[in-house]
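Report on the following structure.
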Amino acid sequence: MGALGAAFYYHLTQGCTNNQDRVQFVNRRGSANSSALAQKGELTISSGGKFHSIQASTVCRPDLLACAAAGWLPDVLIVCTQPDQLLPMMGDYVKLLELLYAQSDLESAVGKLPFLVLSSNGIYHERVRRFLVELLEESMLYGRLPDLWSQSMGQIVGKLMRGVTIQTGHREGSGANAVFHAGPPGRTTLAGGDATHRRLCQQLLQSLGGWFENAETAPPIRVEFDKALVNLWSNLLGQLHAIDEHGTFRLLRIKEIYAKSSDRELRELSGHLFSIGRAVRAYRDDEDLDNLHNKTLQVALVSGDHYPSSLKWIDAQLQAGTLTPQLTPTEQWLIDPLTHYARTAGLEAAAQYFASLKQRIELGLASAIASYQRKTAES
């Protein structure tokens, strides 16, 4: 369980006051945080200075396969894992379909599959969708599922959606002592899947009081690129500005990061991302970079008092002594796809730019680790 999931829960239950029988947490298999919360017996969610203690047994379900075995499945599953946990999640989704098919017929099994709304940060929808199809084909090959291409493949893949969100939240502490702080309501844009499923999913989530919009004809990669620009400005440039020349790390709010970032620095990043976006048709040839840059900047500054998730993560890892000089999973799933797309499209300058940013970040993290270790030893 993470901060984003807790924030979604808070707003879908209208401040932990309604819908608590309909809005539930579903554990990820192997999650240490979920095990710790189960042992404690309650979780704490805060917003606006008000704290809510919730009995874990009333809102926390086991993993997806265990839920199905117990006879309960959600209509919509908002997936808020780290990006590097998404592919194993697809494995569970296919195993769920196999389990449902073994219990009934294919049509009923597909009908019971929940909508999947992938809300982790990153550029990954195309890769995850391809991986899902590969897993389904492998299951057909070994006879665990019948032929899906004749009728059901479109229905299954049509339930996989991208939920690009500006919802904020953060966690203080870890394990059983964690407190989840939900930010103000933030928009989540649904893209991908098929139009019918996406509309039904949006209606259901809105009926619970959530702020969910339909991307209509915009492809998932478009909304991913739009959000990627906000994430890279806040989290990636934020890391560069949060670590000084001596390796001292300081948490910065988003508005502080933009105050430290020059206009040239911001525009260089948006320019390279825009060129890659055009190459993969996330952006049309007739779209204007300046317009995109300015509109995105306005969106980013709405959360000016928020601490970027990656800076909070680095701070927690530093204090725990577990930080390594590597990109966080969120940045990895932004930088690596962008570098790959740039090289494939022949945009070598853009590829070198993002490779250089990655190197600068990792050098900065190494410096922060060394500085923190020195200060800890001295004290």
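All values reported here derive from a predicted model rather than from experimental measurement. Atoms considered below: every heavy atom in the structure, side chains included; atoms not considered: hydrogens, waters and symmetry mates. FYI, the numbering just counts along the sequence from 1.
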Counting only N and O atoms by type, is there a donor-acceptor contact under 3.5 Å from the side chain of [X] to the main-chain atoms of [Y]?
X: Glu268; Y: Arg264; value: no
X: Lys227; Y: Asn121; value: no
X: Ser270; Y: Arg267; value: yes
X: Thr322; Y: Leu318; value: no
X: Gln24; Y: Thr58; value: yes

Within the 3.5 Å criterion, strictly below it, is a donor on [X] or [Y] matched to an acceptor on the partner's side chain?
X: Asn27; Y: Arg61; result: no
X: Asp84; Y: Tyr124; result: no
X: Arg253; Y: Tyr307; result: yes
X: Glu331; Y: Thr328; result: yes
X: Glu172; Y: His181; result: yes
X: Gln239; Y: Asn235; result: no
X: Gln82; Y: Ser120; result: no
X: His241; Y: Ser261; result: yes
X: Ser104; Y: Lys112; result: no

Leu334-Ile254 co-clustered via ILVMFWY side chain contacts under 4.5 Å:
yes
For this session: Using the rule that two of Ile, Leu, Val, Met, Phe, Trp, Tyr join whenever any of their side-chain heavy atoms come within less than 4.5 Å, decide whether Leu301 and Leu269 are in one cluster.
Result: yes
Margin query: Within the supplied structure, the quantity of interest is the number of heavy atoms (other residues, nucleotides, ligands) at a distance under 6.0 Å from Gln14 CD; does it exceed 12?
Written below: yes
Steps toward ring pair (Phe, Tyr, Trp, His ring centres under 6.0 Å) verdict (Tyr372, Phe249) = CA-CA 8 Å; Tyr372 186 81; Phe249 173 84; 9.5 Å; no
**OP:** For the residue pair His306 and His170, categorise the inter-ring angle as parallel (less than 30°), tilted (30 to 60°) or perpendicular (more than 60°).
**Re:** tilted
Given side chains that start at C-beta, do those of Phe115 and Leu77 come closer than 4.5 Å, heavy atoms only?
no
Worksheet item: Going by heavy atoms in the side chains, are Leu118 and Met90 under 4.5 Å from each other?
Response: yes
Going by an N to O cut-off under 4.0 Å, is there a salt bridge joining [X] and [Y]?
X: Asp194; Y: Lys159; answer: no
X: Asp336; Y: Lys358; answer: yes
X: Asp63; Y: Arg28; answer: no

Report task. Evaluate the side chain to side chain donor-acceptor pair (under 3.5 Å) criterion for residues Asn294 and Gln298: first the C-alpha distance (whole Å), next the side-chain angles of each, then the deciding distance (0.1 Å), finally the verdict. Result -> CA-CA 6 Å; Asn294 294 331; Gln298 291 176 6; over 6 Å; no
- Query: Please walk me through it: do Glu265 and Lys260 pass salt bridge (charged side-chain N to carboxylate O under 4.0 Å, His left out)?
  - Reply: CA-CA 10 Å; Glu265 186 177 27; Lys260 288 176 172 288; over 6 Å; no
### Message
salt bridge (charged side-chain N to carboxylate O under 4.0 Å, His left out) for Arg129 and Glu126? Distances and angles first, verdict last.
### Response
CA-CA 5 Å; Arg129 185 172 62 182; Glu126 294 294 332; 2.8 Å; yes
**Asked** Does the side chain to side chain donor-acceptor pair (under 3.5 Å) test come out yes or no for Gln167 and Thr188, once each step is laid out?
**Response** CA-CA 7 Å; Gln167 178 61 56; Thr188 300; over 6 Å; no
- Before giving the answer on side-chain contact (heavy atoms from CB on, under 4.5 Å), spell out for Ser46 and Phe180 the whole-Å C-alpha distance, their side-chain angles and the decisive distance to 0.1 Å. CA-CA 6 Å; Ser46 169; Phe180 300 93; over 6 Å; no
Evaluate side chain to side chain donor-acceptor pair (under 3.5 Å) for Glu213 paired with Trp211, printing each intermediate quantity in order.
CA-CA 7 Å; Glu213 296 183 358; Trp211 184 1; 3.2 Å; yes
